[in-house]
Amino acid sequence: MKSGLLFRGLYLRSILLFLFNLQFFIFSQLSTVNCQFSIGSASAQNSLIPSFQRNQNIFVLNGNDTLSLAWAGGMNSIAFFAFDLNLDGADDIVAFEKHGNRLLPFLHDGQQWTYFPEYTRYFPELHDWVIFKDYDNDGKKDIFTYGLAGIRVFKNNSQEQLSFTMVTEQLTSFYYTDYSNIYASPDDNLAIADVDHDGDLDILNFWVLGKYVHLQRNYAVENNLANGWLDFRLEDECWGKFSEGTDNNEITLLSYCQEKNEKNTRHVGSTMTMTDFNHDGLEDLILGDIDFAQVILLTNGGTQQEALMISQTTDFPNAANPVNLYSMPLVSPVDLNADGQQELLVSPADPSLSKSQNTNSVWLYEYDSLLQNHCLTTTSYLQQDMIDLGSGCYPVFYDWNGDELLDLFAGNYGYYDSSSYINGFLNSYYSSAIAYFENIGTSAEPSFQLVNSDFGNMRQLNKQALYPAFADLDGDGQSEMICGCIDGTLILWKNNQITANFLNIDVGDYATPQLFDLDQDGKMDLLIGNRRGVIAYYKNISSLNNIDFQLENPNLGDVDVRDYELSYFGFATPCFYRLNNETRLICGNEQGKLFCYNHIDNNLNGSFSLQNQILPENIENQFFPIKEGIRIGVAIANLNGDSYPDMIVGNFAGGMSYFEGLPEIPVSIEPVDMTADIHCYPNPTSDIIHIEIKHKGDIQVQVFDAAGRIILEKSFNDNHFELNISYLNPAFYLLKISNGTKSMVFKIIKK
């Protein structure tokens, strides 16, 4: 058992993570960014920014094999669901990538799956986990997903195209004496199925401290309620009569929850898949656990009214090739070939970005009727047809072979190497490498072939987050490579020789260099983003056979790509480029936004102008935000000889997306800044919070506790309002202030 001090540390960390996720949910749901761009005439309040159109027809070869899903964006921790995307009555596939909250829609053309990202524009914003189930028996699968410390539900209203409407932000259940939200963690994967086979969907969720599974039974049918009614009650606090270990993934059968009051502080995440695995009419349960690589099948030997797990299988689904996939594997049963028999897809679901396997991390088990078991077919289903560089993908263009075609390089956070347990906790190890894709196309149509997955033999260094930049820096006719590292330092690669801690430059964590002639003196300067979200400018003062840079500005252009409401960090990935002799900057950030700046030339000591935080993608003559996951990298260049820059975006799932440049469009650059209009003080406080609003109007104030419950709600119409929280217990709370069109969330501390 771990020490009490360690437990307290984990508990505090869990609370802080919860508050972060709670705030992220509220802000992401209520922010004022529109989901569609409008095109208008340019004015004093407008500025032209690049626009793009996705192109999946750019060929990428791995050896002699064409990657059919090259630009689908990679996979790390993925869940699969059968879903009718094109409303033809047949199931397609929707996959949800946890490391970036990305939806990946796939249609089958009779021979293979094809990626259709344009369908994502119809879905609401989803994060942490998602389950597609038809709760109202209309033949259309609805959406259950993580919400405000609980479960959000969206009804599928699709007619001629996909459409969803939120039913509730917090799905409730009757607990003991009253209705309360059904507890859900952002890290658990719930199970939703018709447990008692009465025609409506029930829910399994873990007790708030883990260890035991609760059954939230739906009484819609029993109460003769219309289809679509969700009427849950806590029916069983120890469903299946088993318990999960407090500091491991061991299962105790026939436990009957005798230790219901035992304090359990370790449980931080599990996966549940409910399915009738042995076809006996009873729902069995497949469990995965955070920090572990195996899943356990619990076989139900009870009745439809009262489950009883009578046996467990730890080498699921077969002893020859059991699931062994770090960390927290999730099993997705999906009928991939419409033969009536479900295949099993398994992938990690660990929320951590530094624990999971990230290559060969999508295992497919197909059913063998002769063996009467599921057998492992591949460990990289669909993944093997994509550009997938493990975790993280940082694309860079450079003509390496001198053929006047821009080749494609990409660094990564790292490829998964191994895992070990230290003091009972899982530690996973990664090594970063540089991939080199040669441009074997033409000046009008690029195509790429993977030449070397470890360019420069950089993986031997056992570094993480290598981010490459290329140029002939000393004028000797040979190209050099500078790589940023996770520790903020640089590595110089020249003539197969490696120099660590190059020039003792250190920009903090996650150095992301670019070599670009910023001051237009004919020499490539060094621009370096970092985890803080800013860019440092080092002027090139090299001479023949002597490479040297001098710090000019540690915060170039006052660029800061942090989202202060969501994170302390920005993870800036700058890409400077020139269009019509004007220097521009597009910079990726942690949340996957693409910050667009101008007014750079002759202003290297001033502040650049932020035009927008979102770049538009044209889909069927409408513009939508480009959203490619988290911790993105971006490369800009003209690859097809037209007048517009093209773009490749890499994401943390290890993949890339290709965008062709289109004519620029005007988008308003007037910032929306509610924080400048709202002041809340003092904070912390023991009794009164003063709220001052710049513009008088109808204002709604809500206070949420750590369980996501609304514990205080007020409305007022004034510039100043006092909120009395003296009766609340000392704790962290979230304060949401709304004026009908805009909302902002503040963390407050009650002393």
Side-chain angles (χ1 to χ4, degrees), residues 392-398 409-413 432 434 456 458 461 463-474 479-494 498-521 523-542 547-562 568-577 583-590 594-595 597 600 603-608 631-636 650:
C393 182
Y394 317 125
V396 174
F397 294 124
Y398 185 71
F409 292 82
N412 66 357
Y413 172 82
S432 182
I434 309 297
M458 303 297 287
L461 302 178
K463 298 284 187 178
Q464 291 80 49
L466 292 180
Y467 198 111
F470 298 87
D472 178 6
L473 295 171
D474 55 7
S479 296
E480 287 80 41
M481 176 173 67
I482 291 178
C483 286
C485 304
I486 192 172
D487 61 4
T489 64
L490 303 179
I491 295 172
L492 173 66
W493 181 92
K494 177 178 174 60
I498 292 174
T499 302
N501 296 312
F502 174 59
L503 297 179
N504 293 316
I505 292 174
D506 188 342
V507 297
D509 297 327
Y510 290 86
T512 57
Q514 183 189 6
L515 289 165
F516 181 83
D517 184 6
L518 187 65
D519 57 8
Q520 303 187 58
D521 65 352
K523 294 182 178 181
M524 291 294 190
D525 302 303
L526 180 60
L527 301 314
I528 314 173
N530 64 10
R531 183 170 70 164
R532 183 185 158 206
V534 303
I535 303 170
Y537 165 36
Y538 288 80
K539 179 179 174 60
N540 190 338
I541 57 172
S542 302
I547 302 173
D548 199 6
F549 293 91
Q550 175 179 289
L551 179 63
E552 291 288 313
N553 192 339
N555 190 2
L556 179 65
D558 292 325
V559 170
D560 188 342
V561 296
R562 285 174 290 184
Y568 293 114
F569 305 119
F571 288 88
T573 54
C575 183
F576 289 86
Y577 68 101
T583 303
R584 306 282 192 91
L585 167 64
I586 292 178
C587 188
N589 86 334
E590 182 179 23
L594 291 161
F595 287 66
Y597 293 87
I600 297 170
N603 189 31
L604 300 185
N605 293 318
S607 297
F608 302 162
R631 297 194 187 179
I632 59 173
V634 57
I636 305 284

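What you see is a predicted model; the values in this text were computed from it and never measured. Numbers for residues simply follow the sequence, beginning at 1.
Screening I482, L461, T499 against I491 for a side chain to side chain contact (heavy atoms under 4.5 Å, CB included) leaves a single residue, L461.
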**Request:** Decide yes or no on side chain to side chain contact (heavy atoms under 4.5 Å, CB included) for S432 and M458, but give the supporting numbers first.
**Result:** CA-CA 7 Å; S432 182; M458 303 297 287; over 6 Å; no
**Message:** Assess the residue pair L503 and L492 against the criterion (side chain to side chain contact (heavy atoms under 4.5 Å, CB included)); give the C-alpha distance rounded to whole Å, side-chain angles, the decisive distance to 0.1 Å, and a yes or no.
**Reply:** CA-CA 9 Å; L503 297 179; L492 173 66; over 6 Å; no
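Considering only residues two or more places apart in sequence or on other chains, F576 meets the ring pair (Phe, Tyr, Trp, His ring centres under 6.0 Å) condition with F516. Under the ring pair (Phe, Tyr, Trp, His ring centres under 6.0 Å) criterion, F595 pairs with no residue, sequence neighbours left out. Residues passing the side-chain hydrogen bond (donor to acceptor under 3.5 Å, both in side chains) test with D506, sequence neighbours excluded: none. Legend: residues meeting ring pair (Phe, Tyr, Trp, His ring centres under 6.0 Å) with Y538, ordered by chain and number and at least two apart, are absent. Y537 is linked by a ring pair (Phe, Tyr, Trp, His ring centres under 6.0 Å) to nothing, counting only residues two or more places apart in sequence or in another chain. Residues satisfying the salt bridge (charged side-chain N to carboxylate O under 4.0 Å, His left out) criterion with R531, sequence neighbours excluded, are D509.
A salt bridge links D560 with R562: the closest approach of a Lys/Arg side-chain nitrogen to an acidic carboxylate oxygen falls below 4.0 angstrom.
No more than 12 heavy atoms of other residues, nucleotides or ligands sit less than 6.0 Å from atom CG of N605.
Side-chain atoms of I434 and L466, non-hydrogen and from C-beta on, do get closer than 4.5 Å to each other. Residues Y597 and V561 meet the side-chain proximity criterion, which asks for heavy atoms closer than 4.5 Å. Under the 4.5 Å side-chain criterion, counting only non-hydrogen atoms from C-beta, K463 is not in contact with I486. T583 is listed as a side-chain neighbour of Q520, based on a closest heavy-atom distance under 4.5 Å.
Using the six-membered ring where Trp is involved, Y510 and Y413 have ring planes that are parallel, under 30° apart on the 30 and 60° scheme.
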